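For reference, the structure discussed in these notes is given below.
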Amino acid sequence: LYRAKAEGRGTHRAFAAQAETEARQTRDIKFALNNDLDLGAFYLEYQPIVALATGHATSVEALVRWDHPQYGVLRPDLFIPEAEHSGAIIPIGRHVLAIACDFAATLPDEVSVAINLSAVQVHDAGLIETIANNLARNALAPGRIVFELTETAILNITPETVATLDGIKALGCRLSLDDFGSGFSSIATLYYVQFDRLKIDRTLIHDAMGDCRRRAILRNITHLAREIGMRVTGEGVESEQMKTALTDLGFDHGQGSLFSPALRDAALHDWLNYRTQALPDDTAA
Ligand code: C2E
Ligand code: MG
Ligand code: MG
Ligand code: MG
């Protein structure tokens with residue numbers, strides 16, 4: 001009993017210490033985002049988005065990481081919300097756009113780069129010009145860049161939002177509706193903006209695997225998407241079984257650890273080279 005009590009106290013202390021560490025980390029992250037932001041510490045990893053029928057990547061999604069001086073490499077979920085709140089997402093987003101477009105120029109023409117955009121960026125008056133400048137600097141065909149927007153990024157679909165998204169399409173870039181089904185999916189989003197791609201959220205995919213009612217919903221969403229000219233990507237594909245299920249449900253693309261995690265520049269190039277060289281042999285065998 002004594003020991004259990006002592007252990008209980010120990011566990012309690014450990015929890016308290018951990019909570020304190022996390023609170024300090026959150027404070028430090030906020031501070032670093034809002035004071036002398038060092039953009040050089042932000043870099044991108046790229047995760048292949050694969051055509052289920054061929055196994056080839058048709059695009060790669062740029063995912064930002066922050067190499068924080070104290071805390072090491074931080075995932076976006078830890079700093080993007082605060083960056084959106086404070087406005088730091090504007091310089092970070094410009095930096096992301098610049099490196100992603102530079103990288104796109106190093107990839108084969110048939111591989112596009114998908115870039116995530118926050119609501120704050122969509123409301124930035126300079127967005128279209130910034131995109132155009134990055135395309136021009138790299139002599140990139142605009143179709144090589146896809147912008148991913150979440151439902152929350154366009155939650156209040158105003159005429160201004162529609163105009164900005166139309167402006168992006170007018171440049172020749174493509175639009176993707178990200179994390180579809182995870183938030184407040186609204187018909188208006190699909191109604192007023194012509195998305196080229198639909199990405200179904202990882203949680204929905206996972207929760208549909210053993211459930212035929214949910215699979216029927218997904219099957220009808222892919223059907224709707226096809227009818228209005230959208231390609232459909234399943235997120236978080238982690239097994240062959242999931243890949244097969246998605247193919248049966250009418251998905252045409254998948255992204256997830258089954259194909260590849262997010263990779264740095266050189267590793268992504270290696271992955272693409274390996275895939276394109278290895279596949280003809282595979283099919284011949
Ligand atoms: P997202 O756009 O939905 O990106 C996909 C996330 O799922 C990535 O997390 C990716 O690493 C993760 N993922 C991919 N495959 C699998 C899998 O098989 N299993 C599991 N469990 N997870 C998988 P990440 O890199 O942590 O990014 C999180 C979110 O942060 C992104 O979600 C995106 O909304 C946001 N984000 C990332 N980069 C940027 C950026 O440059 N700008 C903005 N505004 N947001 C960004
Ligand atoms: Mg995304
Ligand atoms: Mg997503
Ligand atoms: Mg997601």
Side-chain angles (χ1 to χ4, degrees), residues 33 39 41-50 52 57 59-67 72-104 112-124 127 130-131 134 145-155 174-183 185 195-207 209 231-243 245-246 251 253-264 267-268 271:
L33 277 174
L39 286 177
F42 293 82
Y43 66 92
L44 295 177
E45 289 186 336
Y46 303 91
Q47 186 176 34
I49 300 175
V50 170
L52 295 172
S59 55
V60 296
E61 179 175 4
L63 296 162
V64 69
R65 275 88 182 88
W66 182 7
D67 193 358
V73 176
L74 299 177
R75 299 212 142 238
D77 292 334
L78 274 170
F79 61 86
I80 292 282
E82 172 58 25
E84 288 173 338
H85 181 73
S86 72
I89 192 67
I90 297 293
I92 295 171
R94 290 213 179 106
H95 179 65
V96 163
L97 188 62
I99 30 186
C101 288
D102 291 352
F103 186 66
S112 56
V113 174
I115 302 171
N116 293 285
L117 281 185
S118 290
V120 188
Q121 293 173 273
V122 175
H123 295 127
D124 172 21
L127 178 66
T130 310
I131 296 171
N134 279 293
I145 302 296
V146 183
F147 289 100
E148 296 197 358
L149 296 118
T150 62
E151 296 162 331
T152 25
I154 40 181
L155 184 57
R174 288 176 289 162
L175 297 177
S176 181
L177 183 51
D178 200 1
D179 298 350
F180 185 74
S182 67
S185 308
F195 286 95
D196 303 278
R197 295 177 176 184
L198 190 64
K199 295 183 82 175
I200 313 280
D201 193 61
R202 165 158 48 93
T203 314
L204 270 81
I205 304 284
H206 283 225
D207 292 350
M209 287 306 116
R231 297 286 183 82
V232 191
T233 303
E235 298 184 331
V237 184
E238 293 172 352
S239 64
E240 282 294 337
Q241 197 187 350
M242 287 183 69
K243 179 185 147 188
L246 291 182
F251 285 71
H253 285 79
Q255 178 179 0
S257 56
L258 173 67
F259 306 110
S260 170
L263 301 168
R264 298 296 301 263
L268 192 272
W271 187 92

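Just follow the structure's listing: the first ligand is 1, and inside any ligand the first atom is 1. Residue numbers run from 1 in the order of the sequence given. Predicted, not measured: the structure shown is a model, and the values here were computed from it.
Contact annotation: the side chain of K199 approaches that of I49 to within less than 4.5 Å [non-hydrogen atoms, C-beta and beyond]. Contact of the E61 side chain with the N116 side chain is registered, since non-hydrogen atoms from C-beta on lie closer than 4.5 Å. By the 4.5 Å heavy-atom criterion applied to side chains, I145 and C101 are counted as neighbours.
Of all the atoms in ligand 1, the ones that sit under 4.0 Å from a non-hydrogen atom of P76 are 24 (P), 25 (O), 26 (O), 27 (O), 28 (C), 30 (O), 36 (N), 37 (C). Heavy-atom contacts of S118 reach the following atoms of ligand 1: 44 (N) (cutoff under 4.0 Å). When each atom of ligand 1 is checked for a heavy atom of R75 under 4.0 Å away, the hits are 9 (O), 11 (O), 24 (P), 25 (O), 26 (O). Numbered from 1 in the order shown, with element, the atoms of ligand 1 that lie under 4.0 Å from a heavy atom of R65 read 25 (O). Listed by number with element, the atoms of ligand 1 under 4.0 Å from a non-hydrogen atom of D179 are 3 (O). Heavy-atom contacts of G256 reach the following atoms of ligand 1: 15 (N), 18 (O) (cutoff under 4.0 Å). Under a 4.0 Å criterion applied to the non-hydrogen atoms of S257, ligand 1 contributes the atoms 17 (C), 18 (O).
Residue contacts with ligand 1 for E84 are absent, since no atom lies close enough (heavy atoms, distance under 4.0 Å). The side chain of E235, and not its backbone, has at least one atom closer than 4.0 Å to an atom of ligand 1 (non-hydrogen atoms only; side chain from C-beta on). Of the heavy atoms in L258, none comes closer than 4.0 Å to ligand 1. Contacts with ligand 1 closer than 4.0 Å are made by side-chain heavy atoms of V96 only, the backbone lying farther away.
For H206, the side chain to side chain contact (heavy atoms under 4.5 Å, CB included) criterion is met by R202, E238, M242, not counting sequence neighbours. Annotation: salt bridge (Lys or Arg N to Asp or Glu O under 4.0 Å) contacts of D67 (sequence neighbours excluded): none.
A donor-acceptor pair under 3.5 Å is formed between the side chain of Q47 and the backbone N or O of S260. A donor-acceptor distance shorter than 3.5 angstrom exists from the side chain of D196 to the backbone of L175, with no hydrogens or angles considered.
Distances from the Mg ion (ligand 3) to the N/O/S atoms of D179 are shortest for OD1. The name of the N, O or S atom in E148 nearest to the Mg ion (ligand 2) is OE1.
Between the CG atom of L246 and the NE2 atom of H253 there is a distance of 12.5 Å, given to the nearest 0.5 Å. With rounding to the nearest 0.5 angstrom, the CG atom of L33 is 11.0 Å from the CD atom of E84.
The number of heavy-atom neighbours closer than 6.0 Å to NE2 of H85, taken from other residues, nucleotides and ligands shown, is 12 or below.
Inclusion of N116 in the first shell of the Mg ion (ligand 2) is supported: an N, O or S atom falls under 2.8 Å. At a cut-off of 2.8 Å, E235 is counted among the residues with an N, O or S atom near the Mg ion (ligand 3).
Centred on the Mg ion (ligand 2), the angle running from D178 (OD2) to E61 (OE2) is recorded as 180°, rounding to 10°.
Taking the ring centroids of F79 and F42, they lie under the 6.0 Å cut-off.
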Subject >> Residue pair L39, R94: steps toward the side-chain contact (heavy atoms from CB on, under 4.5 Å) verdict >> reply: CA-CA 10 Å; L39 286 177; R94 290 213 179 106; over 6 Å; no
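Taking a 4.0 Å cut-off on heavy atoms, E61 registers as neighbouring ligand 1. At a 4.0 Å cut-off, at least one heavy atom of G236 sits close enough to ligand 1 to count as contact.
In terms of N/O distances under 3.5 Å, ligand 1 is not approached by I89. At a 3.5 angstrom cut-off on N or O pairs, D178 counts as close to ligand 1.
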